[in-house]
Each structure stands twice: as structure tokens, then as C-alpha cells.
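One structure below.
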Amino acid sequence: MSDIITKALESNAWPFKEAEAILKKINNQLPKKGYVLFETGYGPSGLPHIGTFGEVVRTTMVRKAFELISDIPTRLFCISDDMDGMRKIPDTIPNKEEYKKYLDLPLTKIPDPFNTCESFGHHMNARLRAFLDAFNFEYEFFSSTECYKSGVFNESLLKVLKHYDEIMDIMLPTLGEERRATYSPFLPICPKSGKVLQVSIIDKDVENGLIRYKDESGEIVTVKITNGNCKLQWKPDFGMRWAAFDVDFEMYGKDHLVNGPIYTRICKAIGGKAPHQMYYELFLDENGQKISKSKGNGITLDEWLRYAPPESLSLFMYQSPQKAKKLYFDVIPKNVDDYLNYLNSYHTEQDEKKRLANPVYHIHKGNPPKSETTITYSLLLNLVSASHLEDPKVIWKYIKRYDASIEEKENSFVDKMIKCAINYYHDFIRPNKKFRAPTEIERSALIKFKEYLSGLDSPSIDELQTLTFTVGKEFNLELKLWFQALYEVLLGSAQGPRFGSFIALYGIKETIELIDSKIKSNY
């Protein structure tokens with residue numbers, strides 16, 4: 001075992017732990033198919049969302065970790081369950097009422113409400129692929145409809161029919177009494193209506209691959225289970241797919257955790273080997289409630305990217321995946337600054353094991369970029385807040401004064417951070433600013449602070465920070481309360497950045513003017 005592999009496994013980074021578990025599961029040998037297969041699934045009844053991103057980015061992290069500790073080739077399949085029947089009309093489509101007549105039809109047989117693709121399912125698949133491509137994910141896309149119709153699943157479907165009773169024994173104890181009465185793993189596609197039918201099976205012909213059922217009109221229908229004439233219920237479909245593709249790794253949300261053993265048993269019942277599985281915790285909103293697409297609580301992918309660069313979202317997904325975390329707007333600034341801290345420490349860290357455990361190693365697939373700046377997101381937020389500036393070009397002038405070595409470049413990380421900080425200020429900080437008047441002793445301290453600042457000539461950030469401490473001590477103010485006063489009086493916030501850094505970025509002259517304006521105000 002090479003030195004870097006040893007250090008990777010000793011790093012305790014969870015992607016390496018999962019990768020090691022996969023390697024052990026395949027006995028460190030090349031699978032017969034010639035590669036290790038990672039899989040993610042997608043339900044295209046709605047638009048790709050933040051959970052879709054989380055599942056693919058985390059799976060990619062494990063895949064890249066596996067590629068470091070093993071020379072076995074890998075592939076990632078992203079599979080769209082687009083043959084599912086539409087059970088309810090999404091709120092996000094135009095002419096919603098018009099689509100009631102398409103209920104229970106496969107998603108790939110329903111007209112595209114946006115008039116861009118062959119069907120609703122094709123439209124959502126195109127959106128998914130554009131979404132994945134925008135983040136430069138390496139993947140191979142599979143349509144469930146095409147897999148069923150083209151015969152990719154035929155052999156596995158015939159095995160499901162052969163082991164029908166065994167699969168029913170697995171499924172029936174998990175169902176309620178009413179559901180058990182009509183349940184079948186197979187969902188025939190009605191030849192007359194085209195709908196995905198949930199009907200009980202009257203008879204089956206294993207040798208010829210046929211099932212017999214009673215349709216909606218009461219007519220007895222015999223149909224082949226292959227070539228897209230039937231699909232499987234979602235739990236049997238999960239297990240069948242594992243067997244059909246010989247999947248080696250799949251992760252899913254904690255809400256699937258109870259079903260993991262069911263998928264595994266179905267996969268094994270038809271002769272497959274269940275993959276190594278990993279669950280991730282679900283996200284919580286600001287009130288600690290589980291995030292739900294139907295409720296619309298929490299934060300969407302587009303909203304996060306309005307307020308922060310995508311690397312910060314990747315960090316959020318990397319951190320403690322099996323721990324429930326609040327996913328709301330107030331977690332964004334910390335995640336951006338944490339990302340910058342990890343990036344800076346990666347390039348200054350001499351210990352390779354620690355670098356392999358650094359989240360940015362996994363976020364950037366083993367090749368983190370050089371950090372562009374020491375400016376933090378929270379510092380930018382306070383600059384925008386203090387100056388009321390919402391023009392990136394003007395903010396760039398402040399930044400260049402703060403650090404002339406930073407290159408002003410469109411779509412650089414700093415440029416994205418500026419634009420995102422402006423959006424965040426506009427939507428969350430400006431509406432909630434609460435200034436207060438200083439107390440008498442705070443007013444005296446601010447006046448003295450202003451005097452000291454006016455006498456400085458090109459001070460360093462550390463000198464500015466030391467001066468801030470000095471003034472607080474001179475007036476016998478508890479330092480925590482002194483800094484809180486600076487934030488509340490000058491910035492209208494209960495907390496803020498390292499104040500020396502803020503002055504260096506905002507400017508001494510501007511800070512003096514800010515102090516002047518606030519000590520003269522009456523709130």
C-alpha cells in the first residue's frame with residue numbers, strides 16, 4: 001500500500017472511509033463488469049433541488065476518494081425514474097388544471113407543459129442534465145423508461161417474476177391490510193389508457209414471462225412483463241436496479257434507511273449483490289422542522305447560489321453528512337468563511353494526512369485552487385452594510401485599497417462573493433438593521449477612538465485591532481460589550497467582523513465619518 005493511500009485511510013475523512021468499505025466489499029478485486037459502479041436516482045416529477053445536488057456531490061466525493069485508494073476504474077450512473085405515473089400535479093407547471101387528465105400516465109407520456117421537449121419527463125430530464133453539467137459532475141445519464149423499453153431490465157424482470165412469491169413475502173409484511181389485498185411488484189402499463197396501473201395479479205406464467213390482471217373496466221388482460229409493458233413498484237425497482245446494473249455504492253436519505261434492508265433482500269432474491277450503502281441525514285429549517293418540497297420551507301438551491309458561491313454549498317454537504325443540520329439563510333455566511341479558512345489552511349498545511357482530511361480536498365476532487373484573498377464574506381457584508389453600496393465596481397475599489405495584490409476579475413471567487421454579499425445584504429441585513437444610540441461612556445470612547453484614528457499613518461490591520469482593544473480598556477469597558485457596542489452603534493448589527501480588518505477595508509477616513517454620523521444620531 002502506497003504512502004498516500006495509508007495517509008488517506010488514516011485521515012478519517014468520511015469519503016475515504018466509505019471508499020475503503022467499498023473496496024472491502026469487492027474484496028479488492030476488479031468486478032466482472034470491469035469497473036466499480038456508483039449510482040444516484042432522481043424522481044423527475046419536479047425540478048432538481050438542493051437534495052439532488054447533495055446526493056450527487058457526496059457520491060462524487062466518495063467516488064474520487066475511491067479512485068485515490070484504488071486503481072479500479074469507476075463509473076457514476078444517474079438514473080431518472082421517468083416511467084413513474086404522475087400521482088399529483090406539480091404546483092410549478094403552467095396550466096395545472098389541464099394536467100388532471102394525465103394523472104397516472106408515465107411521466108414520459110405526458111405533454112411537456114413548457115413546450116420545449118417531447119414530454120414532461122423528457123423536459124425534467126433535460127433540466128436535470130443541465131443542472132448536473134452546470135456543476136461539472138462526471139456522470140452517465142439513464143432514463144428508466146428507455147431501460148425498461150429497450151430490454152436493459154428484461155433479464156432482471158424475468159427473475160423478479162421467477163421469484164415473485166419470495167418478493168411478495170418480503171413486501172407484504174411492510175404494507176397495511178388494505179394495500180396488501182391488491183399489491184403486486186409489477187405495475188402494468190394499460191394497453192388502452194396508457195396508465196401505470198396498480199392492480200393485483202390474477203395469474204402468472206413464469207416460463208413465458210407473462211402476467212394476467214383485471215384492468216379498470218374489469219376485463220382480464222394478459223401482458224408480457226418485458227420491453228416496457230410493465231414497470232416495478234418503487235421498492236422492488238430499487239432492488240432490481242441494483243441487481244441489473246451490479247451497483248457497488250448508493251447513498252440515500254435517512255427516510256430510506258428503513259427500506260435499505262428491503263432493497264437488499266429483493267436484490268439478493270433475484271441473484272444480485274447489494275451495494276455498500278450510506279445514508280445521510282435530512283435537512284431542517286430554521287424551526288428545526290424537516291425540510292419538505294411540498295411545504296416550501298428551508299432554502300432552495302437557486303436561493304443558496306444567489307447568496308453564496310457554490311463551493312460553500314459543497315462544504316455544507318461535506319460537513320457531517322449523517323448529522324441533521326439547519327439549512328436556512330443564516331447558515332450561509334459562516335459556510336463561506338469556513339470554506340475560505342479551509343482553503344487557506346490547506347495550502348499552508350505541511351502534513352499530508354491533514355490535507356487529505358481537509359474538506360476542500362474533497363470539494364475540489366483533490367486539486368484545491370490557490371486562495372485569492374484573505375477577505376472574508378462577513379467582512380464584505382459589513383462593508384456593504386456600512387457603506388450602503390450595491391455596486392460591485394465600487395466595492396472592488398475598497399478591496400484593491402485593502403489588498404492591491406487581489407486581481408479584479410469577472411467570475412473570480414472574490415467577484416462572486418461580492419455580488420452574493422450585495423444580494424444577502426439587500427434581502428436580509430438591510431430590512432433588519434437596528435441601530436442604537438451609544439451610552440455616554442460609549443460616546444466618549446468613540447470620540448477618543450476617532451481621535452486616535454485621525455492620528456494614524458498607514459497602520460496595519462493588527463495595529464488597528466490593537467487600537468480598538470486599547471480604547472475599550474482605556475474606558476474600562478468589558479471588551480465583549482465594547483465590540484458589541486461598535487457593531488450595534490456603527491453597523492446596526494449584534495455582531496460583526498474583526499474590527500481592525502473592517503477599518504482597513506472600509507478606510508480610516510470613512511470610519512471616522514461613520515463614527516461622526518452615529519454619535520450625532522438620536523434613535
Side-chain angles (χ1 to χ4, degrees), residues 330-338 340-341 344-345 373-389 395 397-404 406 417 421 424-425 428-523:
D330 55 2
V331 308
I332 291 177
K334 184 178 186 302
N335 273 273
V336 182
D337 285 346
D338 284 350
L340 290 169
N341 287 334
N344 288 325
S345 65
T373 180
T374 56
I375 290 178
T376 64
Y377 186 77
S378 57
L379 190 57
L380 276 175
L381 283 177
N382 281 281
L383 169 65
V384 176
S385 181
S387 62
H388 308 291
L389 291 172
I395 293 172
K397 292 179 181 179
Y398 281 89
I399 292 173
K400 295 291 286 184
R401 183 173 63 185
Y402 176 84
D403 184 352
I406 300 175
M417 195 162 59
Y424 195 94
Y425 164 74
F428 298 108
I429 296 177
R430 188 170 68 178
N432 297 301
K433 272 179 167 290
K434 291 183 181 179
F435 292 96
R436 69 167 175 85
T439 64
E440 284 306 313
I441 191 169
E442 289 168 352
R443 188 184 303 273
S444 298
L446 284 166
I447 292 170
K448 179 59 70 175
F449 193 21
K450 184 182 67 167
E451 291 174 3
Y452 284 146
L453 286 172
S454 63
L456 295 177
D457 183 23
S458 302
S460 67
I461 292 174
D462 287 340
E463 288 171 336
L464 290 168
Q465 187 69 10
T466 299
L467 176 61
T468 310
F469 278 104
T470 300
V471 173
K473 290 176 181 177
E474 186 176 326
F475 285 83
N476 294 316
L477 292 167
E478 185 182 336
L479 289 178
K480 180 180 177 182
L481 297 178
W482 167 232
F483 279 100
Q484 186 175 331
L486 289 173
Y487 301 139
E488 291 176 348
V489 173
L490 301 182
L491 302 177
S493 173
Q495 55 189 5
R498 192 167 180 259
F499 212 75
S501 299
F502 170 74
I503 298 170
L505 177 61
Y506 191 43
I508 290 177
K509 174 176 173 289
E510 290 80 359
T511 303
I512 290 171
E513 291 172 352
L514 179 64
I515 293 172
D516 265 336
S517 69
K518 297 307 177 185
I519 60 179
K520 294 174 183 176
S521 296
N522 293 311
Y523 292 98

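Quick caveat: nothing in here was measured; it's all calculated off a predicted structure.
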Shortest non-hydrogen separation from [X] to [Y] and the atoms involved:
X    : Y    : answer
A445 : V471 : O-CG1, 3.4 Å
K400 : I406 : NZ-O, 2.6 Å
R443 : K520 : NH1-N, 4.4 Å
M417 : T373 : CE-CG2, 4.4 Å
L491 : S385 : O-OG, 3.7 Å
L490 : I515 : CD2-CA, 3.9 Å

Find the distance between [atom1] ([X]) and [atom2] ([Y]) and round it off to the nearest 0.5 Å.
X    : Y    : atom1 : atom2 : result
S517 : I512 : OG    : CD1   : 12.0 Å
S454 : F449 : OG    : CZ    : 11.0 Å
T374 : N341 : OG1   : CG    : 11.0 Å
E463 : I461 : CD    : CD1   : 10.5 Å
L453 : E510 : CG    : CD    : 11.5 Å
D462 : S501 : CG    : OG    : 8.0 Å

Within-4.5 Å side-chain heavy-atom neighbours: [X] and [Y]:
X    : Y    : result
Q484 : L477 : no
L456 : L464 : yes
I503 : L467 : no
F475 : E442 : no
K433 : Y425 : yes
E451 : I447 : yes
P438 : K518 : no

Checking [X] side chain against [Y] main chain: does a donor-acceptor pair fall under 3.5 Å?
X    : Y    : answer
R401 : A504 : no
D403 : I399 : no
Q465 : F499 : yes
W482 : K473 : no

Self-check item: Y402 ring center near F502 ring center (under 6.0 Å)
Solution: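 So the answer is no for these two rings.
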Exercise. Kindly assign one of parallel, tilted or perpendicular to the pair Y398 and Y506, based on the angle between their ring planes and the thresholds 30° and 60°.
Key: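 If you compare the ring of Y398 with that of Y506, the planes turn out parallel.
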Quiz item: Within a reach of under 6.0 Å around CD of E513, are more than 12 heavy atoms found that belong to other residues, nucleotides or ligands?
Solution: yes
Quiz item: Among T376, L380, I429, L381, which one satisfies side chain to side chain contact (heavy atoms under 4.5 Å, CB included) with P333?
Solution: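 When T376, L380, I429, L381 are each tested with P333, the side chain to side chain contact (heavy atoms under 4.5 Å, CB included) holds only for L381.
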Practice problem: Please say which of D337, D330, D338 ends up in a salt bridge (Lys or Arg N to Asp or Glu O under 4.0 Å) with K334. | Solution: D338
